[in-house]
*Asks:* 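First, the structure itself, so that you have it in front of you.
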Protein chains: 2
Amino acid sequence: MIPTMHDVARVAGVSIKTVSNVINDFPHVRPSTRMRVLSAIEQLGYRPNLSARGLRSGRTGVIGLAVPELRQNYFAELADSIIRAAEKHDLGVLVEQTSGDRDREIAVVTGAGRLRLTDGLLFSPERLGQDDRHLLRPTFPFVLLGERIFGGPTDHVTMHNVSSAKAAVEHLLGIGRRRIALIGAHPDQREEVRPADLRLRGYKAALEAAAIPVDPQLIRAVAPWHRENGAEAMRDLIAAGIPFDGLFALNDTLALGALRALGEAGWRVPDDVAVIGFDDIDEARFSVPSLSSVDPGRDEIAETAVELLVERINERDDERLPPLLVKSEFRIVARESTGFGRSS
Amino acid sequence: MIPTMHDVARVAGVSIKTVSNVINDFPHVRPSTRMRVLSAIEQLGYRPNLSARGLRSGRTGVIGLAVPELRQNYFAELADSIIRAAEKHDLGVLVEQTSGDRDREIAVVTGAGRLRLTDGLLFSPERLGQDDRHLLRPTFPFVLLGERIFGGPTDHVTMHNVSSAKAAVEHLLGIGRRRIALIGAHPDQREEVRPADLRLRGYKAALEAAAIPVDPQLIRAVAPWHRENGAEAMRDLIAAGIPFDGLFALNDTLALGALRALGEAGWRVPDDVAVIGFDDIDEARFSVPSLSSVDPGRDEIAETAVELLVERINERDDERLPPLLVKSEFRIVARESTGFGRSS
DNA sequence: AAGATCGTTTATAACGTTGTATGTTTAGCG
DNA sequence: CGCTAAACATACAACGTTATAAACGATCTT
């Protein structure tokens with residue numbers, strides 16, 4: 001039988017509340033009794049029942065993380081960072097996959113399903129967008145990740161999409177490229193607040209600042225951002241016969257697909273085309289050639305998000321602060337695909 | 001305030017037990033009362049408190065998954081598959097990372113830490129080995145994954161390491177390669193039950209069956225199995241000037257590193273060297289050239305593991321079955337790196 | 001028409017923990 | 001020494017759910 005506090009109390013010859021006090025590090029416990037309780041715990045191999053604790057205290061010590069799917073590199077690395085960040089706060093992470101299913105995303109934000117066992121939720125949408133902002137109701141601690149929904153009623157951690165994209169293009173300009181293609185624009189050309197739109201805006205801003213006209217032929221729509229689609233967009237562009245000497249792929253996965261297509265077509269990177277991606281996934285360090293990228297500050301995003309969530313969890317109802325928008329610091333990582341060394 | 005069963009009962013004009021009966025789909029509830037209860041639930045937006053349920057029933061509806069780290073592709077894909085499999089049983093998954101830390105692996109198997117809120121544990125060790133078998137004590141539902149510990153007292157789901165590795169080498173032999181190098185052997189050459197040892201055994205068996213002598217110079221030890229190390233091993237082998245026309249990398253990550261080194265050295269794949277890896281991670285489909293590999297049956301592993309765990313969870317103490325060892329079916333996936341088409 | 005039987009519902013007691021209020025000792029001070 | 005205040009320990013009531021056993025009707029037997 002699994003021992004309970006009562007068993008520990010009996011063995012130590014104290015009341016259960018004293019056991020509880022020892023476990024929760026309360027003051028006013030005599031060192032000698034503390035010792036007695038600890039050794040009883042040891043002897044019985046007692047572990048607190050977290051369901052009971054959760055029921056009584058209203059806290060489970062677990063937060064939820066909802067992402068599209070872990071097989072996408074970016075989300076695996078994000079989950080990794082978030083689990084590490086949560087650990088520092090002694091929180092477990094229950095991972096839920098929405099699999100690019102709109103209904104599941106809705107279920108997740110409305111608090112249905114498995115995630116009821118959690119104290120709060122980190123949510124990275126893939127289908128919900130700006131128009132679904134009203135679905136986000138801060139009825140429980142909630143932090144939004146990513147760049148699909150802005151101005152919602154909840155905390156939000158994201159990246160400097162526009163300025164980091166601008167910096168990426170400036171990096172290409174800096175090595176003398178002038179005809180810079182972009183792959184990954186959103187198929188519908190409305191100017192919205194989606195990563196694709198924001199990064200496109202950064203691209204245009206950089207060109208404008210350099211007094212280079214934006215050539216619409218160099219901008220290719222791609223969705224979703226899968227490797228195959230990146231390769232295909234690149235083949236199309238090559239087939240179209242439009243000259244270009246630089247490529248900004250709106251994420252690394254697209255860039256890696258593009259590298260493949262360029263290789264197949266016999267183009268040399270970076271000699272013929274310099275390529276930069278976005279996200280700085282681990283794989284970028286190891287492709288042939290290694291891929292320059294924008295590191296959007298994933299660890300910082302993870303830590304900030306967890307910290308905000310913890311704050312919301314600890315917040316009393318009558319002292320609710322207004323929702324916060326936090327953007328992490330980015331960094332351009334120059335590698336072989338833009339003519340820099342193999343390092344880092 | 002969050003509504004409870006009492007609120008639902010009051011609104012529906014029934015007792016809380018009736019509400020419970022409706023929620024748990026118990027028989028003997030009159031359709032009319034069921035309806036009344038359901039609409040009260042709807043109206044109040046009631047959701048059961050899972051901590052309370054967990055306390056009362058002894059089940060949390062969550063299982064734990066402990067892996068080294070999600071940033072390693074293989075584990076991200078494994079976690080993905082496991083979360084999907086768990087979903088079918090209506091179970092959530094709490095993911096814990098052991099980060100290649102032996103003490104953390106021990107903490108996990110001895111049931112310390114965050115994972116107390118779970119009904120059972122799936123564990124994929126990276127540091128614990130055959131000698132730590134005694135640490136696995138089936139005091140709670142537990143299923144072991146991977147190939148580091150055999151013959152322990154718990155259920156175990158793994159792959160056909162030897163025969164699938166043999167099949168991989170036979171694939172290379174089948175396209176006429178005779179000098180087949182292997183990278184990823186374990187640095188200490190004891191014959192143990194680790195993936196490296198088992199796959200090496202398969203390699204030797206294949207050569208033996210083809211009456212080709214094993215050349216120790218062609219077997220390179222690599223640890224850990226990271227891309228950089230795969231590339232380095234390949235550079236060493238090339239520098240050593242030993243001729244070879246085939247390469248079996250003990251996992252895909254090594255293989256991808258090797259592809260890079262081969263490319264740098266100007267070797268053509270598959271013309272000069274045919275390459276096959278192991279694991280069939282998603283990325284293998286998209287490398288240049290695409291990578292042939294062994295699909296060890298990850299989805300099957302995930303589903304089997306979850307099913308075994310569920311059985312153990314439901315098992316009564318007095319009807320414990322002996323531990324089971326299950327191996328999933330494998331499949332050779334032929335791609336460009338061994339001269340096959342681009343497809344799948 | 002009285003008892004037995006079935007389907008349906010309910011009061012009440014757990015589950016193992018923490019918070020509150022209250023009791024008991026020990027130390028501090030005049 | 002006696003009194004007060006602090007330090008320490010305890011009993012008991014929650015938290016929200018499910019399980020047990022018993023009560024209630026209605027229908028069926030005899």
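Letters A, B, ... are given to chains in the order of the sequence lines, protein chains preceding strands, and every chain is numbered from 1.
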*Asks:* I'd like to know if the side chain of A:Glu300 and the backbone of A:Glu329 have a donor-acceptor N/O pair within less than 3.5 Å.
*Replies:* yes
*Asks:* Using the test salt bridge (charged side-chain N to carboxylate O under 4.0 Å, His left out), find all partners of B:Glu303 that sit at least two apart in sequence or belong to another chain.
*Replies:* B:Lys88
*Asks:* Using heavy atoms and a sub-4.0 Å distance, could you list which residues of residues 32-39 of chain A are near DNA chain C? By number, please.
*Replies:* none
*Asks:* Side chains of A:Asp282 and A:Asn73: closer than 4.5 Å at any heavy-atom pair?
*Replies:* no
*Asks:* Walk along nucleotides 14-22 of chain C from 5' to 3' and tag each nucleotide B, S or - by protein heavy-atom contact under 4.0 Å, base first, then sugar-phosphate.
*Replies:* BBBBBBB--
*Asks:* Give me the one residue out of A:Leu91, A:Val143, A:Asp155 that meets side-chain contact (heavy atoms from CB on, under 4.5 Å) with A:Leu309.
*Replies:* A:Val143
*Asks:* Using five base pairs at each end, measure the axis-to-axis angle across the helix from C:dA1-D:dT30 to C:dG30-D:dC1 and round it to 10 degrees.
*Replies:* 50°
*Asks:* Scan the side chains in residues 320-328 of chain A for donor-acceptor partners under 3.5 Å anywhere in the protein, sequence neighbours excluded, and list what turns up.
*Replies:*
unit_1   : atom_1 : unit_2   : atom_2 : d
A:Ser328 : OG     : A:Pro296 : O      : 2.6

*Asks:* Apply side-chain contact (heavy atoms from CB on, under 4.5 Å) to B:Ser20 and list each qualifying residue two or more places apart in sequence or on a separate chain.
*Replies:* B:Met5, B:Lys17, B:Asn24
*Asks:* Checking A:Ala76 now: which residues fulfil side-chain contact (heavy atoms from CB on, under 4.5 Å) with it, not counting sequence neighbours?
*Replies:* B:Ala76
*Asks:* Tell me the side chain to side chain donor-acceptor pair (under 3.5 Å) pairs involving residues 124-135 of chain A, sequence neighbours left out?
*Replies:* A:Arg102-A:Asp132
*Asks:* For the atom pair CD1 (B:Ile83) and CG (A:Leu70), what is the distance rounded to the nearest 0.5 Å?
*Replies:* 5.0 Å
*Asks:* Shortest non-hydrogen contact from A:Arg71 to B:Asp299?
*Replies:* NH2-OD1, 4.3 Å
*Asks:* Excluding sequence neighbours, so at least two apart, what forms side-chain contact (heavy atoms from CB on, under 4.5 Å) with B:Arg34?
*Replies:* B:Val22, B:Asp25, B:Val29, B:Leu38
*Asks:* What pairs of nitrogen or oxygen atoms, one from the protein and one from nucleotides 25-27 of chain C, lie under 3.5 Å apart?
*Replies:*
none

*Asks:* Got a sec, which pairs hit side chain to side chain donor-acceptor pair (under 3.5 Å) with one end in residues 58-70 of chain A, sequence neighbours left out?
*Replies:* A:Arg59-A:Asn314, A:Thr60-A:Asp119, A:Glu69-B:Arg84
*Asks:* Taking atom CG of A:Leu135 as the centre, report whether more than 12 heavy atoms of other residues, nucleotides or ligands fall under 6.0 Å from it.
*Replies:* yes
*Asks:* Is it true that A:Arg148 and A:Glu105 make a salt bridge, defined as a side-chain N closer than 4.0 Å to a carboxylate O?
*Replies:* no
*Asks:* Could you tell me from which nucleotide to which nucleotide of DNA chain D, 5' to 3', there is an atom under 4.0 Å from chain A heavy atoms?
*Replies:* D:dA7 to D:dG16
*Asks:* Once you round to the nearest 0.5 Å, how far does CZ of B:Arg36 lie from OG1 of B:Thr18?
*Replies:* 9.0 Å
